[in-house]
Amino acid sequence: MEGVEGSEGARRTAGARGLGPDGTILREGSLARVQPEYVPLLDSVRARVPAVFPGGRLHSAYVYGSIPRGTARTGISDLDLVVVLHQPPSAADRAAGDALSRALDREFAVIDGVGLLLFDAGTLLSELERYDLGFFVACLCTPVLGEDLADSLPRYRPDGLLARETNGDLALALPGWADRFSAASSGPERRVLCRGAARRVVRTGFTLVMPRWGGWTSSLREQAAVFAAYYPARGEDMHRAASMALSPSEAPSDLAFLIEELAPWLASTYVSVHGEKAPRGAS
């Protein structure tokens, strides 16, 4: 039966996975894990980010994803950056960040694309974002410049509060995905949509069961496996979504399965288990 807790064996596999001795989630990345071929790239980031955001506006910068986890694939993985300013970023700041992203992507063949997120420190430390963006910076991002915001954030546990505030808003993404699916007229457009939607679905599926599993992982395949232990009737669906996240499909049937079938079921189930994420103001 869907939704019934998995076997005691599934719970035992969690152990201390991703957790420290006090039961809180460890920061998953480290500069010590960065593969040698990516070191010059991060050196360039350290040198160039302060020049792009001069005048004391820069608070800190972080790298996240496969590079600080030591799992990046040369020429395939992208560079994921977070830049934090003291004040809310302006349109000019965002344009400067986009230009930096293009330059790094052009100059370093070890990566295939750059994603740069731009925030202000006040937002990341706010009560509203403490268990969403705050968790993201404290546990999923590795500092490369400036004062580490993790020092001003709590230690996080894999509980229902974290589950609700990280992924309790999947339903809000569904109309946009449906519109993009309808409008997509090429294979590349569908692959981009597939990758983004599938990654979010798998991560949401994992955090649905995270409090019961009692740990943290960012591996998409492991996230799908953990989910399947608790929702076996949907396990193959989630494994299929993980495969689509790692090797995006352009087939309309795959996107229809993901966006029209699996995601709506997951959004409804998630809210019934964890509740809705605290609403944000209009952007």
Side-chain angles (χ1 to χ4, degrees), residues 2-3 6-7 9-10 13-14 17-18 28-29 35 64-80 110-113 115 136 140 158 163 166-167 169-171 173-174 176-210 212-213 215-270 273:
E2 285 187 3
S7 67
T13 63
R17 190 186 304 276
E28 64 176 16
Q35 295 140 295
Y64 68 99
S66 61
I67 291 178
R69 293 201 301 266
T71 59
R73 295 177 292 170
T74 303
I76 297 174
S77 297
D78 57 2
L79 169 66
D80 295 308
V110 293
I111 54 172
D112 181 19
F136 168 63
L140 308 187
T166 52
N167 288 297
D169 59 348
L170 178 63
L174 303 186
W177 288 352
D179 289 345
R180 289 175 62 191
F181 181 27
S182 297
S185 58
S186 69
E189 287 179 306
R190 288 192 290 271
R191 285 195 297 272
V192 169
L193 174 58
C194 179
R195 181 180 186 271
R199 289 170 71 91
R200 183 161 181 186
V201 163
V202 174
R203 288 169 176 165
T204 301
F206 168 69
T207 52
L208 173 65
V209 302
M210 173 188 66
R212 287 186 279 172
W213 186 64
W216 178 268
T217 177
S218 285
S219 163
L220 292 169
R221 293 208 182 277
E222 188 175 12
Q223 287 181 341
V226 171
F227 169 88
Y230 295 94
Y231 287 85
R234 287 281 182 175
E236 286 304 314
D237 289 346
M238 196 60 72
H239 282 296
R240 180 180 174 188
S243 294
M244 292 165 65
L246 295 166
S247 298
S249 171
E250 62 183 55
S253 59
D254 284 336
L255 279 163
F257 152 76
L258 186 68
I259 293 171
E260 299 173 0
E261 180 184 340
L262 181 56
W265 170 84
L266 182 58
S268 175
T269 303
Y270 206 97
V273 173

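Trp216 has its ring centre less than 6.0 Å from the ring centre of Phe206.
Note that CZ of Arg190 is 7.5 Å distant from CG of Leu255, once rounded to the nearest 0.5 Å. For the atom pair OG of Ser66 and CG of Leu79, the computed distance is 9.0 Å after rounding to the nearest 0.5 Å. For the atom pair CG (Leu208) and CG (Leu170), the distance works out to 10.5 Å, reported to the nearest 0.5 Å. Between the CG atom of Asp237 and the CH2 atom of Trp265 there is a distance of 8.5 Å, given to the nearest 0.5 Å. Between Phe181 atom CZ and Leu174 atom CG the span is 13.5 Å, to the nearest 0.5 Å. Note that CZ of Arg199 is 7.5 Å distant from CG of Leu246, once rounded to the nearest 0.5 Å.
Around CD of Glu189, the count of heavy atoms belonging to other residues, nucleotides or ligands within 6.0 Å exceeds 12.
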List the steps and the verdict of side chain to side chain contact (heavy atoms under 4.5 Å, CB included) for Met238 and Tyr231. CA-CA 10 Å; Met238 196 60 72; Tyr231 287 85; over 6 Å; no
Apply the test side chain to side chain contact (heavy atoms under 4.5 Å, CB included) to residues Arg240 and Asp254: give CA-CA distance (whole Å), side-chain angles for both, the deciding distance (0.1 Å), then the verdict. CA-CA 9 Å; Arg240 180 180 174 188; Asp254 284 336; 2.7 Å; yes
Run Ser218 and Arg203 through side chain to side chain contact (heavy atoms under 4.5 Å, CB included) and show every step you take. CA-CA 8 Å; Ser218 285; Arg203 288 169 176 165; 5.9 Å; no
Under the criterion side chain to side chain contact (heavy atoms under 4.5 Å, CB included), I'd like the reasoning laid out for Val110 against Thr74: C-alpha separation, chi angles, the key distance, then a yes or no. CA-CA 5 Å; Val110 293; Thr74 303; 4.0 Å; yes
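No side-chain donor-acceptor contact under 3.5 Å links Ser247 to the backbone of Met244.
The shortest non-hydrogen separation linking Tyr230 to Trp213 is OH-CA, 3.3 Å. Across all non-hydrogen atoms, the minimal contact from Leu220 to Ala245 is CD1-CB, 3.9 Å. Smallest separation of non-hydrogen atoms from Arg221 and Ser243: NH1-OG, 3.4 Å. Residue Ala178 comes nearest to Ile259 through the heavy atom pair N-CG2, 4.1 Å, listed as atom of the first residue, atom of the second, then distance. Minimum interatomic distance between Pro248 and Arg195 (heavy atoms only, all atoms of both residues): CG-CB, 3.6 Å. Residues Trp177 and Ala197 approach most closely at CZ2-CA, 3.6 Å, considering heavy atoms.
Salt bridge status for Arg200 with Asp169: present, with a side-chain N to carboxylate O gap under 4.0 Å.
Each of Glu222, Arg17, Gln223 was checked for a side-chain hydrogen bond (donor to acceptor under 3.5 Å, both in side chains) with Thr217, and the lone residue meeting it is Glu222. With Arg234 as the partner, the side-chain contact (heavy atoms from CB on, under 4.5 Å) test is satisfied by one option alone out of Leu262, Leu266, Thr269: Leu262.
Considering only residues two or more places apart in sequence or on other chains, Tyr270 meets the ring pair (Phe, Tyr, Trp, His ring centres under 6.0 Å) condition with His274.
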